[in-house]
Amino acid sequence: MAIYLTKDSKVLVQGMTGGEGMRHTRRMLAAGTDVVGGVNPRKAGRTVDFDERSVPVFATVREGMDTTGADVSVVFVPPAFAKGAVLEAADAGIGLAVVITEGIPVHDAVAFTAYAHRTGTRVIGPNCPGLITPGQSNAGIIPADITKPGPVGLVSKSGTLTYQLMYELRDIGFSTCVGIGGDPVVGTSHIDCLAAFEADPDTEVIVLIGEIGGDAEERAAAFIKENVTKPVVGYVAGFTAPEGRTMGHAGAIVSGSSGTARAKKEALQAAGVAVGDTPTEAGRLVAAALGAGA
């Protein structure tokens with residue numbers, strides 16, 4: 001009952017020995033994630049103690065994979081080093097690289113997402129909260145204690161709205177929640193997650209959270225219309241945003257009617273998606289969709 005991340009996932013943390021890496025590694029371990037190592041060439045050979053778990057530090061991603069069988073990397077390195085970290089992970093053949101780092105230059109994101117695609121590494125992010133399969137594994141910074149396992153699959157541009165929908169539907173629960181990030185260039189799209197949730201037999205309803213800027217939601221709507229048979233509930237943030245100004249995420253710029261919340265809502269509704277005007281309403285629509293399918 002999951003996409004991309006399961007209880008069997010073995011996780012390396014690139015940047016584990018930094019402040020953010022240490023804090024969130026501790027939280028991931030507490031959520032049940034099998035964190036098998038950190039990566040820092042300057043601290044290779046050491047171990048870091050997290051409560052009752054000692055985690056080794058490796059010089060490279062490849063060494064960590066060869067030693068532990070890791071198949072996921074979570075990247076907490078500073079923006080200037082993020083490109084190199086993802087390229088290293090892709091060169092090592094990691095299956096999934098979750099890039100939490102924000103502030104990465106767009107040309108770096110273009111380079112490492114394209115390279116990872118060629119090598120077969122799935123990138124989630126950058127500038128994202130990561131993903132969680134409740135009760136199994138948590139790769140990133142999503143709070144693990146606000147929901148439970150259940151039949152809802154969630155894909156979102158917004159980290160904050162990911163958390164809010166998880167809380168709104170805490171009594172129902174989720175298969176997997178994926179925060180894809182809101183930068184102009186991301187490694188995994190709404191469409192990628194929609195296809196994965198459609199194929200997951202235990203995901204019964206899909207929630208898609210979008211926001212102003214770009215045309216990702218319109219493209220997702222076209223995909224849903226042609227390829228998704230499960231109920232989809234949507235929410236689009238940014239109805240009150242002024243036109244022609246960048247808002248929030250770097251990709252959230254509206255010009256004329258292109259990229260507006262209203263245009264995205266209309267495209268999704270035309271594809272049969274029930275779109276809530278608020279996160280709370282979206283939660284009620286999910287409950288209704290599950291009730292109709294019962």
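Residues take their numbers from the sequence shown, with the count starting at 1.
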#### Entry: Test log, rule side-chain contact (heavy atoms from CB on, under 4.5 Å), inputs Met166 and Ile132
CA-CA 11 Å; Met166 287 171 63; Ile132 181 172; 4.1 Å; yes

Which donor-acceptor pairs under 3.5 Å do side chains of residues 58-65 form with protein atoms, sequence neighbours excluded?
unit_1, atom_1, unit_2, atom_2, d
Thr60, OG1, Glu63, N, 3.0
Arg62, NH2, Asp91, O, 2.7
Glu63, OE1, Ala59, N, 2.9

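Every residue was checked against the salt bridge (Lys or Arg N to Asp or Glu O under 4.0 Å) condition with Arg27, not counting sequence neighbours, and none meets it.
Exactly one of Lys264, His190, Lys265 qualifies for a side chain to side chain donor-acceptor pair (under 3.5 Å) with Glu217. That residue is Lys264.
Looking only at side-chain heavy atoms (C-beta outward), Phe223 and Glu198 stay at 4.5 Å or farther from each other. Within the 4.5 Å cutoff, no side-chain heavy atoms of Tyr4 are placed close to those of Thr176. Glu168 places a side-chain heavy atom less than 4.5 Å from the side chain of Thr280.
The environment of Glu102 atom CD is sparse: at most 12 non-hydrogen atoms of other residues, nucleotides or ligands sit within 6.0 angstrom.
Note: the hydrophobic cluster containing Val152 also contains Val233 (ILVMFWY, side chain heavy atoms under 4.5 Å, direct or indirect links). Linking ILVMFWY residues whenever their side-chain heavy atoms come closer than 4.5 Å, directly or via other members, places Leu131 and Leu161 in the same cluster.
The two atoms that bring Asn138 and Ala144 nearest to each other are ND2-CB, 3.9 Å, heavy atoms only. The minimum heavy-atom distance linking Asp51 with Arg26 is given by the pair OD1-NH1, 3.2 Å. When every heavy atom of Gly179 is checked against every heavy atom of Ile124, the shortest pair comes out as O-CG2, 3.5 Å. For the residue pair Ala139 and Leu5, the shortest heavy atom distance occurs at N-CD2, 3.7 Å. Listed here is the closest heavy atom pair of Ala261 and Ala237: CB-O, 4.3 Å. Scanning both residues, Ile94 and Ala70, for their nearest heavy atoms gives CD1-O, 3.9 Å.
We find that Arg23 and Glu20 are joined by a salt bridge, their nearest charged nitrogen and carboxylate oxygen being less than 4.0 Å apart.
Taking a 4.5 Å side-chain heavy-atom cut-off between Ile, Leu, Val, Met, Phe, Trp and Tyr, the cluster of Phe81 extends to Val75, Val77, Val86, Leu87, Val99, Ile104, Phe112, Tyr115, Val123.
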